[in-house]
Amino acid sequence: MRDIKYLSLLYGFLGGAIIGASMALLFAPESGKDLRTRIKELLKKKGIDFSDDEVEQLVNQISAQIEQ
């Protein structure tokens, strides 16, 4: 039971960190093209290979969630 509390806390922290990082990237004073390039490079460093279209879809999804 105690493990579930800690796991929930961990998931909450990680979710908040991901949302915070996404918002920081989206609201940074940078052009959209530069931002998408930066996102793609960051994901490649983490071992995730995204095409330009997939990065565009990711940015659109994050933007839509922020606007809600």
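Note that the structure is a prediction, hence the values are computed from the model and not measured.
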CG-OG1 distance between L42 and T37, expressed to the nearest 0.5 angstrom: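 Rounded to the nearest 0.5 Å, the CG-OG1 separation comes to 12.5 Å.
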Spacing of CD belonging to E54 relative to CG belonging to D49, to within rounding of 0.5 Å: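 Those atoms lie 8.0 Å apart.
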Residues forming a side-chain contact (heavy atoms from CB on, under 4.5 Å) with Q57, sequence neighbours excluded: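 Listed in chain order: nothing, the list is empty.
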